[in-house]
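Everything on this sheet refers to the single structure shown next.
Reminder, nothing fancy here: chain letters follow the sequence lines and each chain counts from 1. All values below come from the heavy atoms of this structure, side chains included, with hydrogens, waters and symmetry mates left out.
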Amino acid sequence: MASLSLKKVSSAWIITILTLFICAIVFGILMRLNQGNDIKLSPNGFYTLMTTHGLTMIGIWTVAGMVGIQYLLSRYTTVSAKLNVFALVLTIIGVIMLWISTFVGNFHTGWTFLYPFPFYIAWAKWATPLFLWSLAVLGIGWFVWSVGILVEILKKYSLKQAFAWQHLSKKDPEVTTPPFILIATVSLVGIILCLITAVILLILFFAEYYSNGSFKNDPLLMKNLTYFFGHTLANEALYLGVALLYELLPEVSGRPKFKMTWYIALAWNFTMIFVLTAFFHHMYMDFVQPLGFQMVGQLASYFASIPAAAVSALSVIFLVYGNKIKWSLTNILFFIGVIGWMIGGIGAVIDATISNNIVLHNTLWVPAHFHTYNAMGNVLFCLAFFWWVANEFAGSQETTKSHKITIGLMLIGGFGFVLMFYIAGAASVPRRFAFYPNELQIGMTTATWAAFFATLYLIAMLAIIWEIVRKCIRVFYSS
Amino acid sequence: MNEYKFILLVFLDAAILIGLLGYYIYKSSLNPEGDKSIKNPLRKRFFFLIMLSAVLLILLAITIPKSPYFLFADKPPSKLVFVDAKQFNFIMSYQAINPKNPSAGESIELPVDQPVEFRVTSLDVNHGFGIYNSRAELVTQTQAMPGYVNRLRWEFKEPGTYKILCLEYCGLGHPVMSSSFIVK
Ligand code: HEM
Ligand SMILES: [Cu+2]
């Protein structure tokens, strides 16, 4: 069971994450308003917001999953609250460094910081090293954290059991692996590989920076490393959220726990492999990339989606369909999150098809699909956990409120916001344009509407977050 | 219907279908009469996964041959265009460009209905090379990466003025980084 210190640090995490989330949504709305010509930011203002928004969002919703994993893991094995505090401290330091490099130093390469962009300095000179070091601090903190959590899992389960391999050969093995443990293990292994890649990438950057240019990097290799790290991290973050769903959804719905089957075991082991090569789809338009990688990219993008998404969606359908469910905000958020994940997945498969990618690559279709499975997928999975845990802290899951208005605002706001991205993306409007040329009028119109929808989403989030934070704060006064 | 609308429609249909399915499943859990839950979930799941894999394999087989790497590969290009991207413009020429002293040649005019090849690279950071037709639709594209040359082949079906936009974020001037050429 979760110790009081684990509860306290989890509360501190939740409050930090949600505060940063609100700021980052506001940055997003400001960007959309600028693209719609409703406000006038300088290009520098826009691109520092874009860089901060992208990195902050991906960062907080990865750690949100980790917070949930560690909390729920305390049901199976002893977990260390100190490890969690360590990660929190490094994360806060890292985020402060990052925001100083962007907002004070004007560093603005976007989250990709594609080599050699950080060395073509159009900002304060010190901002490049500060930015790279901020990522190093975050990377080290999360690396130690994910390795630590994996070690905690391995205290209870052998490596084979953590991957649920015994379920592949036997029908009823003596030790059964809960799906939560399997998915957490698979995602943590992926995250560790990402972070190792990030460290290699940073070392290559530092080598060139501190050798004053006598060491030169290879742009194609650096691009591959960047996308391996970024794409895979974003995917694994989502899977952490899915692990929370497997553990909590049946429980809060008053249904029997999900059981491990050879299907689920196989699906997630497959996912672990496919997801690591799907990142090649970011480089379809680099024709110098070896042809084999391009083919693997499309194949892996397709088959990374089947096992994880289809198996999970079917599990949820079988759980809900025709059974009396006790609906609360927790399982509603999980349920809507699965729908958002599926819809975003369709958008992703369309874009991951090379013959479509010619006309979709780096258009707004890209933020369209990843905002769908983040803002209407993973964010909702993690919020469902936050909501559930805040009620745990408060001592009761019972609420009489129905939250109809909040959920309605969230649905209209969230899906309306991403729909504007899809429409503009299919109309060839490029992503990452601070403002649009006149012939792309549709980019401006959709941007203004998107700002409106995003505001509805923000209002719904504020309503949910307010109640979560109020309950989390109380934990600090309990003993 | 053009390709762009088709992609959007396929997506929207699928999205709406998923949404309706979700709503239907949600409704079924509010006041279930009798036991309507799904029998034999394992078998049904197996069947569904096999179907889904088959659909994806068919899609792979149909779409892979349409990849840009294979387009016009066996037709020798009738014109070569060298493109060097740099913050924040494109230098284009029929002759190879000297990176030490890059300069554009005469303005570019390309023949209609004949394969042409763009040899695209960058002199500084990564850029993109996106070709838009006169209706502001993205026709084709490739990346411009320093140290590498991407060869993009295309056959223009319509005469007119084509605009080039940078499709890889490269700095403050990114949204105004553009150029154009004529197809006759
Ligand atoms: C309603 C809330 C949100 C709004 C209004 C918003 C808005 C935006 C906008 C306007 C952009 C720039 C699009 C462009 O390329 O022109 C963007 C990019 C991005 N957003 Fe969001 N966003 C929201 C939520 C999220 C969430 C929840 C995540 C992730 C968990 C996220 C991650 C990103 C990332 C990674 C980028 C790319 C940044 C880059 O290109 O460097 N956003 N967002
Ligand atoms: Cu650019």
Side-chain angles (χ1 to χ4, degrees), chain A residues 43-44 47 110 112 114 116-117 120 122 218-220 223 261 263 285-288 291 294-295 298-299 302-303 306 310-311 314 317-318 320-325 335 339 342-343 346-347 350 353-356 358-363 422-423 426-428 430 432-437 439-440, chain B residues 3-5 7-8 10-11 14-15 18-19 22 25-26 28-29 32 35-38 41-42 45-46 48-49 52-53 56 59-60 63-64 66-69 87 124-126 128 130 132 136-138 140-143 145-152 165 167-172 174-175 178:
Chain A
N44 180 58
Y47 288 118
T112 39
L114 273 186
F117 196 178
Y120 280 77
D218 179 87
L220 184 61
K223 208 173 193 176
T261 62
Y263 275 90
M285 294 301 121
D286 288 280
F287 298 167
V288 287
L291 186 63
Q294 310 287 23
M295 302 292 118
Q298 185 168 339
L299 188 85
Y302 278 25
F303 286 89
I306 292 198
V311 167
L314 288 174
I317 291 174
F318 292 145
V320 173
Y321 183 77
N323 293 304
K324 180 120 187 96
I325 300 291
F335 192 75
I339 294 174
M342 295 301 117
I343 294 177
I346 303 269
I350 290 176
T353 304
I354 303 173
S355 57
N356 294 333
I358 308 179
V359 295
L360 294 179
H361 187 77
N362 280 352
T363 67
Y422 285 107
I423 292 175
S428 305
R432 294 172 151 185
F433 268 35
F435 46 87
Y436 300 114
E439 69 269 21
L440 293 171
Chain B
E3 185 187 2
Y4 311 90
K5 293 222 174 80
I7 289 176
L8 186 63
V10 167
F11 168 77
I18 293 174
I25 290 168
Y26 167 75
S28 79
S29 75
D35 184 11
K36 278 207 279 190
S37 63
I38 299 167
L42 273 186
R45 178 143 63 186
F46 186 71
F48 180 81
L49 287 179
L52 191 58
S53 309
L56 287 179
L59 281 179
L60 269 172
T63 59
I64 286 277
K66 295 187 183 157
S67 302
Y69 329 114
Q87 286 173 333
D124 44 40
V125 302
N126 284 276
Y132 283 73
E137 292 162 347
L138 179 57
T140 186
Q141 62 170 308
T142 190
Q143 290 265 308
M145 187 191 282
Y148 289 86
V149 178
N150 286 320
R151 296 177 178 212
L152 170 67
L165 291 181
L167 286 188
E168 186 61 73
Y169 173 54
C170 57
L172 299 182
H174 173 59
S178 69

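Both the backbone and the side chain of A:Phe435 have a heavy atom closer than 4.5 Å to some heavy atom of chain B. In this structure, the portion of B:Ala14 lying under 4.5 Å from any heavy atom of chain A is its side chain and not its backbone. Of the two parts of A:Leu440, only the side chain, counted from C-beta on, holds a non-hydrogen atom closer than 4.5 Å to a non-hydrogen atom of chain B. Only the side chain of A:Ile350 comes within contact range of chain B, judged by heavy atoms closer than 4.5 Å. Residue contact with chain B, scored on non-hydrogen atoms closer than 4.5 Å, involves the backbone and the side chain of A:Pro219 alike. Looking at A:Thr112, neither its backbone nor its side chain comes within 4.5 Å of chain B, counting heavy atoms on both sides. Only the side chain of A:Leu291 comes within contact range of chain B, judged by heavy atoms closer than 4.5 Å. Of the two parts of A:Tyr422, the backbone and the side chain both hold a non-hydrogen atom closer than 4.5 Å to a non-hydrogen atom of chain B. At a 4.5 Å heavy-atom cutoff, A:Tyr436 makes no contact with chain B through either its backbone or its side chain.
Per-residue counts of heavy-atom pairs under 4.5 Å with chain B were compared for A:Gln298, A:Met342, A:Met295; the largest is that of A:Gln298. Looking only at heavy-atom pairs under 4.5 Å with chain B, the residue among A:Val311, A:Leu360, A:Asn44, A:Asp218 that has the most is A:Asp218. When each of B:Val149, B:Ile18, B:Leu165 is scored by its heavy-atom pairs under 4.5 Å with chain A, the top score falls to B:Ile18. Contact count against chain B (heavy-atom pairs under 4.5 Å) is highest for A:Val288 among A:Val288, A:Ile423, A:Thr353. Taking chain A as the reference chain and counting heavy-atom pairs below 4.5 Å, the highest number among B:Thr140, B:Leu152, B:Asp124, B:Leu52 is found for B:Asp124.
Put simply, the side chain of B:Gln141 gets close to the backbone of A:His361: a donor and an acceptor are under 3.5 Å apart. Without hydrogens or angle criteria, A:Tyr47 side chain to B:Tyr169 main chain gives no donor-acceptor distance under 3.5 Å. At least one donor-acceptor pair under 3.5 Å links the side chain of B:Asn150 to the backbone N or O of A:Phe287. Listed for the B:Thr142 side chain is a donor-acceptor partner under 3.5 Å among the backbone atoms of A:Met285.
A pairwise comparison of heavy atoms in A:Val320 and B:Ser28 identifies O-OG, 4.3 Å as the closest pair. The two residues B:Tyr132 and A:Pro430 make their nearest non-hydrogen contact at OH-CG, 3.6 Å. Closest of all the heavy-atom pairs between A:Ala310 and B:Phe48 is CB-CE2, 4.3 Å. Closest of all the heavy-atom pairs between A:Ser428 and B:Tyr4 is OG-CE2, 3.7 Å. Across A:Phe303 and B:Leu60, no two heavy atoms sit closer than the pair CE1-CD1, 3.9 Å. In terms of heavy atoms, B:His174 sits closest to A:Phe433 at NE2-CE1, 3.2 Å.
A 6.0 Å sphere centred on NZ of B:Lys66 holds no more than 12 heavy atoms belonging to other residues, nucleotides or ligands.
Looking at heavy atoms from C-beta onward, A:Phe117 lies out of side-chain contact with B:Asn126 at the 4.5 angstrom threshold. Looking at heavy atoms from C-beta onward, B:Ser178 lies out of side-chain contact with A:Pro437 at the 4.5 angstrom threshold. In this structure the side chain of B:Leu138 reaches within 4.5 angstrom of the side chain of A:Thr363, judged on heavy atoms. Counting only heavy atoms from C-beta outward, the side chains of B:Tyr69 and A:Ile354 approach each other to under 4.5 Å.
Not counting sequence neighbours, the partners of B:Tyr26 by the ring pair (Phe, Tyr, Trp, His ring centres under 6.0 Å) test are A:Trp327.
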Which is it for B:Glu168 and A:Leu114 under the side-chain contact (heavy atoms from CB on, under 4.5 Å) test, yes or no, and what are the steps along the way? CA-CA 10 Å; B:Glu168 186 61 73; A:Leu114 273 186; 4.1 Å; yes

Run the numbers on B:Leu49 and A:Tyr263 for side-chain contact (heavy atoms from CB on, under 4.5 Å), then give the verdict. CA-CA 10 Å; B:Leu49 287 179; A:Tyr263 275 90; 4.2 Å; yes

